[in-house]
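Quick note on labels: first sequence line is chain A, next is B, and so on, each numbered from 1.
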Amino acid sequence: MAQKPSIAKGTRDFTPEEVTKRNYIVNTIKKYFEVFGFLPIETPSFENSETLMGKYGDEGDRLIFKILNSGDFLSKVNDELFAKKDANILTPKISEKALRYDLTVPFARYVVMHQNEIDLPFKRYQIQPVWRADRPQKGRFREFYQCDADVVGSTSLWQEVEFVQLYDTVFNSLGLKNVTIKINNRKILSGIAEVIGAKDKLIDFTVALDKLDKIGEDGVKKEMLEKGISKEAIEKVQPLFAFDGANAEKLKSLKSLLSKSDEGTKGVEELEFILHAIDAIGLKGAVLELDVTLARGLNYYTGAIFEVAAPAEVKMGSIGGGGRYDDLTGIFGLKDVSGVGISFGLDRIYLVLEELGLFPGSVSENTKVLFLNFGDKEALYCLKAITKLREAGIKAELYPDNAKMKKQMTYANKRNVPYVVLAGSKEIDEATFTLKSMNSGTQDTVSFQKLLEAVQH
RNA sequence: GUGGUUGUAGCUCAGCUGGUUAGAGCGCUAGAUUGUGGUUCUAGAGGUCGCCGGUUCGAAACCGGUCUUCCACCCCA
């Protein structure tokens, strides 16, 4: 006897109900991607390793799933190499492909490879699974879907404005009110680091600042000290910790803080542009909030940074994120193509909607009419009617076996089928059908036309 | 990658300081009901106690390893 089967860590099966609900989210996102003018593309689930490696930092490299070479994958490894046991040297010898880690880097590769057939600015969306060799946690899986929309070939800040609208539109349509779209600008972070004289420590500085709401002011200061940022520098950032109030006030104090940094001032101006535009247009349900502590790990962001936080009552990490990257395709040799994009975290949105009970009741795609099977002659009679119902777009099916009636009825009941049709020799002789409503328990013997009408609404 | 946590019937879980044949509820199958589901009643099936090894006269229980679950950190959607 075989062992009980299992699935790999951090992966999941999806039941028909779950897939239906996931489709509901995906279809909503897809609809608005298209309404906003984005075109769909798809890329392979695995890429050449050199396309992915080194694009996400050391931490990212560790989390990339590597694919073992096919055939004799040890053929390029000699004893000397093997004896060293150095994974960094050995890995490229035995693995030349890797599973996609996100959709942005493959998109950058796509743009470079298809540069001659793409009309800039190019707006694309992509909804595909990605894989990370992470330790699973709540809302963290090793296989999960990203839903990305990006624009390349335009530096216009109107794109950022539209992305904020897109986030607002999608989450509003999903019934998810009170999401917070946090926005910041990489140039502001750079500017702050410059002003306090810690420009070489930009990454450490932003990573520490990012943790403010998690470990508090003292925790952040402690981490900055540990990373070698001077006490005087930390002193100068003090205003950031007391940052509060409306976006306009925040902008004002940022302006004075960064007056001596060209880059920082540029960042504030960009942010101001976006905030003013959104202010003038208005949002349906989301709140746009300037958050100077928002950093995001990906190193390629150069301008605006977005992150969407779920409603406060749900304990969940971010359900979306994105930003502006001025030179993403530069890593593949195509200079001066600016991009900006956002991502929706499908799996986390699912968990949030589930927790808040926001899935509409009508997402089920159930069969509407089940015809019971009393034998081949009766089944043929039923299938003719079923064919006509299907032509009318009604989900109808025949119970495949001539099983006991109780069994067939139980099946209909469990499947939550609202109507059952019984047609035996009596009905065949009269050219009628007995239609039973499973909800009320009542039944009537009717003509096909009446059956169709009854089932149609 | 670091630290902790979890695993017993299809599901949710009991199972005492190690001691006969491992239990419950729900679900499942059959019957009461020969062309009628949900409710009720009756009966029944279903477990190598995650896996491998060790301690012991004896292990679901104790020990080691491993896989898995969930959580925190790291990082991130």
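- Across residues 400-413 of chain A, A/Lys404, A/Met405, A/Lys406, A/Met409, A/Thr410, A/Asn413 each have a non-hydrogen atom less than 4.0 Å from an atom of RNA chain B (numbered order).
- With respect to A/Phe38, the ring-ring contact (aromatic ring centres under 6.0 Å, His included) criterion is satisfied by exactly one of A/Tyr125, A/Tyr32, A/Phe163: A/Phe163.
- Note on A/Leu422: a base of the nucleic acid sits closer than 4.0 angstrom, heavy atoms only.
- On the C1' atoms, B/G58 is 39 Å away from B/U2, given to the nearest whole Å.
- When each of A/Leu103, A/Asp347, A/Ile349, A/Val130 is paired with A/Tyr145, the side chain to side chain contact (heavy atoms under 4.5 Å, CB included) condition holds for A/Asp347 and for no other.
- With both ends at atom P, the span from B/C74 to B/C16 equals 39 Å, rounded to whole Å.
- Taking atom CZ of A/Phe374 as the reference point, atom C1' of B/U34 lies 13 Å away to the nearest angstrom.
- Across the protein-nucleic acid pair, A/Arg142 atom CZ and B/C75 atom C1' stand 14 Å apart, rounded to whole Å.
- A residue-by-residue look at A/Glu143 and A/Gly441 shows that A/Gly441 has its nearest nucleotide of RNA chain B further toward the 5' end.
- With centroids closer than 5.5 Å and planes inclined by less than 30 degrees as the test, A/Phe344 and the base of B/A77 fail to qualify as a stacked pair.
- A side-chain N or O of A/Glu18 and one of A/Thr15 form a donor-acceptor pair less than 3.5 Å apart.
- Contact annotation for A/Ser318: backbone-only contact, meaning every heavy-atom pair under 4.0 Å involves sugar-phosphate atoms and none involves a base.
- Minimum atom distance to the side chain of A/Lys414 is reached by B/U29, of the listed B/A77, B/C74, B/U29.
- If you take atom P in B/A43 and the same atom in B/G25, they sit 12 Å apart, rounded to whole Å.
- Across A/Asp148, A/Thr104, A/Thr43, a single residue satisfies side-chain hydrogen bond (donor to acceptor under 3.5 Å, both in side chains) together with A/Gln126, and that is A/Thr43.
- A/Gln137 has its CD atom 12 Å from the C1' atom of B/G4, to the nearest Å.
- Here the closest non-hydrogen pair linking A/Val417 and A/Lys368 is CG1-O, 3.5 Å.
- Counting to the nearest Å, the C1' atom of B/U68 and the CZ atom of A/Arg135 are 12 Å from each other.
- For A/Lys9 and B/U68, a side-chain-to-base donor-acceptor distance below 3.5 Å is absent, hydrogens and geometry of angles not being considered.
- Within the 4.0 angstrom heavy-atom criterion, only backbone atoms of the sugar-phosphate kind lie near A/Val207; the bases stay farther away.
- One cannot find a donor-acceptor pair under 3.5 Å joining the base of B/C75 and the side-chain atoms of A/Arg62.
- Comparing B/U5 with B/A45, their C1' atoms are spaced 35 Å from each other, to the whole Å.
- Note on A/Gly320: only backbone sugar-phosphate atoms sit closer than 4.0 angstrom, heavy atoms only; bases stay farther off.
- The nucleotide whose nearest atom lies closest to any side-chain atom of A/Arg140 is, among B/C74, B/G35, B/A77, B/C74.
- Under the 3.5 Å distance criterion, with hydrogens and angles disregarded, no donor-acceptor pair is assigned to the side chains of A/Asn48 and A/Lys97.
- In this model, no donor atom of one side chain and acceptor atom of the other lie less than 3.5 Å apart for A/Thr432 and A/Glu427.
- Straight-line distance between the P atoms of B/G15 and B/C71: roughly 24 Å, to the nearest whole Å.
- Atom NZ of A/Lys30 has 12 or fewer neighbouring heavy atoms from other residues, nucleotides or ligands inside a 6.0 Å radius.
- Taking only distance into account, the side chain of A/Lys436 meets the base of B/G37 through a donor-acceptor pair shorter than 3.5 Å.
- Between the side chains of A/Ser338 and A/Asp326, at least one donor N or O lies within less than 3.5 Å of an accepting N or O.
- In this structure, the CZ atom of A/Arg132 is 14 Å from the C1' atom of B/C74, given to the nearest Å.
- B/A60 and B/G47: their C1' atoms are spaced 11 Å apart (whole Å).
- Taking atom C1' in both B/C28 and B/U12, the straight-line distance is 16 Å, to the nearest Å.
- B/G64 is paired with B/C52 under the criterion used here, namely a Watson-Crick or G-U wobble arrangement in which both key atom distances are under 3.5 Å.
- Within 4.0 Å (heavy atoms only), A/Gly10 reaches sugar-phosphate atoms of the nucleic acid but no base atom.
- Contact annotation for A/Asp58: no contact, since no heavy-atom pair falls under 4.0 Å across all strands.
- As a whole-Å value, the separation of A/Asp134 CG from B/C73 P is 13 Å.
- In this entry B/A45 has no Watson-Crick or G-U wobble partner, no candidate having both defining distances under 3.5 Å.
- The CD1 atom of A/Ile428 sits 13 Å away from the C1' atom of B/G35 (whole-angstrom rounding).
- When the salt bridge (Lys or Arg N to Asp or Glu O under 4.0 Å) test is applied to A/Arg324, the partners found at least two apart in sequence or on another chain are A/Glu160.
- Protein atom CZ of A/Phe306 is 19 Å distant from nucleotide atom C1' of B/C76, rounded to whole Å.
- The C1' atoms of B/U48 and B/G53 are separated by 16 Å, rounded to the nearest whole Å.
- As judged by a 4.0 angstrom heavy-atom cut-off over every strand, A/Glu378 is placed among residues making no nucleic acid contact.
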